[in-house]
**Student:** 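One structure, as structure tokens, below. Some questions next.
The first residue in the sequence is number 1, and the count goes up from there.
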Amino acid sequence: MFLLRASSTIAAAVILLACIKPNPAFDDAADSASASDSAGPTSPTSGPTTQPTSASTDTGGSASAGQTTTAGPSSGSDSLTSTTDLSASSGGPHCGTTGEPCAEGCCPGCGTCMNGTCVADDAQCGACHSCGPDGQCVPVTAMTPCQLARDPCADKVWGLADGTCFANAPGTGSCDAGGVCQPDACAQGEKLVICDAACIIDSGNCSNGNAVAWVDKNLLCAQDGPTDLCKPECVFGMNEDIAYDNSCQMGLCAPQNPMMCGKYKCQGPVCGTSCMSSDDCKPGEKCMVDKCD
């Protein structure tokens, strides 16, 4: 019984020693794994293994001997970018001067391409300038007519002429020496109100520069009745004097109710009706007791 227990104890001790003692097979595997980790990742077995190398060049720019060159794209400062300069091959469009071909539709400055040829286009230069042969806008000769951007004469009164009120004509302009379009003096335009000068009662209603809309014929001209210049008068005649009761009618001075003076001459604006001497009678008549006979 004692021997059986002693044998069991010895067997247990042997098993324990076997577990504690290092296994050479496991030690070799661990060493291999450690070496593999320190060397870095390995490439797949199907392709070549590439180790990173440090490239160096001599003063001529060639790589040092013994270097390993790898295929595929590189990164960082070693990468190369391929560019192509197209400016030399394509060039800019050909801009011809006036009279030259403009096959590419290009003309300088104020030039324009018409039927394949560069021509000057004054419309691009504005008032008082023209398009020069080099495509630059240049001032035209002074006093050249020009189109005003705004008409200062429009809708304004020009004034009176022989009793007729006129509006301004459309404004015109002339270029000055600096190439600026300046307005000309406003000229006489269309008739607004037609009156006889003798029937004007308020000339201020047709003052130069007033708005056309302010002109009123009833304020400007007498429409029915005498004025200081259109009033009764007696006209001396070769054979007989005639008296007229002049009056303005719709702005026109018209002779009204003509009356023959008979044996008498005009006495002021009317025919005489008595005499103090034969001078008050028409030729060939004599004054007899304040009567012409």
**Student:** Is Cys221 close to Ile200 at the side-chain level, that is, under 4.5 Å between some pair of heavy atoms?
**Tutor:** yes

**Student:** Quick check: closest heavy atoms across Cys287 and Asp290, and the distance to 0.1 Å?
**Tutor:** SG-CA, 3.8 Å

**Student:** Are the side chain of Asp245 and the backbone N or O of Gln256 linked by a donor-acceptor pair below 3.5 Å?
**Tutor:** no

**Student:** Checking Glu240 side chain against Gly262 main chain: does a donor-acceptor pair fall under 3.5 Å?
**Tutor:** yes

**Student:** Rounded to the nearest 0.5 Å, how far does CG of Asp241 lie from SG of Cys234?
**Tutor:** 5.0 Å

**Student:** Does Met260 have more than 12 heavy atoms from other residues, nucleotides or ligands lying within 6.0 Å of its CE?
**Tutor:** yes

**Student:** Taking all heavy atoms of Phe166 and all of Ala161, pick out the closest pair and write down the distance.
**Tutor:** CE1-CB, 3.7 Å

**Student:** Does atom CD of Gln124 have more than 12 heavy-atom neighbours from other groups under 6.0 Å away?
**Tutor:** yes

**Student:** Show the numbers, then the answer: is there a side chain to side chain contact (heavy atoms under 4.5 Å, CB included) between Lys156 and Cys186?
**Tutor:** CA-CA 9 Å; Lys156 299 292 181 63; Cys186 297; over 6 Å; no

**Student:** Can you confirm whether Cys266 sits close enough to Cys261 that some side-chain heavy atom of one is under 4.5 Å from a side-chain heavy atom of the other?
**Tutor:** yes

**Student:** Report yes if some heavy atom in the side chain of His129 is under 4.5 Å from a heavy atom in the side chain of Val138; otherwise report no.
**Tutor:** no

**Student:** Which atom pair, heavy atoms only, marks the closest approach of Cys110 to Cys137?
**Tutor:** CB-SG, 3.9 Å

**Student:** Minimum heavy-atom separation for Gly179 and Pro139, please, with both atom names.
**Tutor:** CA-CB, 4.1 Å

**Student:** Just by modelled atom types, is the Asp280 backbone N or O under 3.5 Å from a matching donor or acceptor in the Gln267 side chain?
**Tutor:** no

**Student:** Would you mind checking if Lys263 and Asp293 are paired as a salt bridge, meaning a charged N to carboxylate O distance below 4.0 Å?
**Tutor:** yes

**Student:** Could you check whether any side-chain heavy atom of Leu252 comes within less than 4.5 Å of a side-chain heavy atom of Cys199, counting everything from C-beta outward?
**Tutor:** no

**Student:** Given side chains that start at C-beta, do those of Asp196 and Cys230 come closer than 4.5 Å, heavy atoms only?
**Tutor:** no

**Student:** Looking at Asp121 and Thr112, would you say the former's side chain and the latter's main chain have a donor-acceptor pair under 3.5 Å?
**Tutor:** no

**Student:** Does some side-chain heavy atom of Leu229 sit less than 4.5 Å from a side-chain heavy atom of Cys253?
**Tutor:** no

**Student:** Specify the closest pair of heavy atoms between Pro283 and Lys265, including all atoms of both residues, with the distance to one decimal.
**Tutor:** CD-CE, 4.4 Å

**Student:** Any luck finding a side-chain donor-acceptor pair between Asp184 and Thr172 under 3.5 Å?
**Tutor:** yes

**Student:** Which pair of non-hydrogen atoms, one from Ser247 and one from Pro226, has the smallest distance, and what is that distance?
**Tutor:** OG-N, 3.6 Å

**Student:** Please walk me through it: do Tyr264 and Cys292 pass side chain to side chain contact (heavy atoms under 4.5 Å, CB included)?
**Tutor:** CA-CA 7 Å; Tyr264 296 89; Cys292 291; 3.4 Å; yes

**Student:** For the side chain to side chain contact (heavy atoms under 4.5 Å, CB included) test, which of Ser174, Cys181, Pro145 pairs with Cys128?
**Tutor:** Cys181

**Student:** Evaluate Cys113 against Cys118 for disulfide (SG to SG under 2.5 Å), listing each step before the verdict.
**Tutor:** CA-CA 5 Å; Cys113 190; Cys118 284; 5.6 Å; no

**Student:** Please check this pair: side chain of Asp134 against backbone of Gln136, looking for a donor-acceptor N/O pair closer than 3.5 Å.
**Tutor:** yes

**Student:** Can you confirm whether Val215 sits close enough to Asn210 that some side-chain heavy atom of one is under 4.5 Å from a side-chain heavy atom of the other?
**Tutor:** no

**Student:** Treating Asn246 as the side-chain partner and Lys231 as the backbone partner, does any N or O pair qualify as donor plus acceptor under 3.5 Å?
**Tutor:** yes

**Student:** Are Ile201 and Leu160 connected into the same hydrophobic cluster when the rule is that any two of I, L, V, M, F, W, Y join if their side-chain heavy atoms are below 4.5 Å apart?
**Tutor:** no

**Student:** So, taking the atom named OH in Tyr244 and the one named SG in Cys271, what distance separates them when rounded to the nearest 0.5 Å?
**Tutor:** 10.0 Å

**Student:** When rounded to the nearest 0.5 angstrom, what distance separates CD in Gln182 from SG in Cys175?
**Tutor:** 9.0 Å

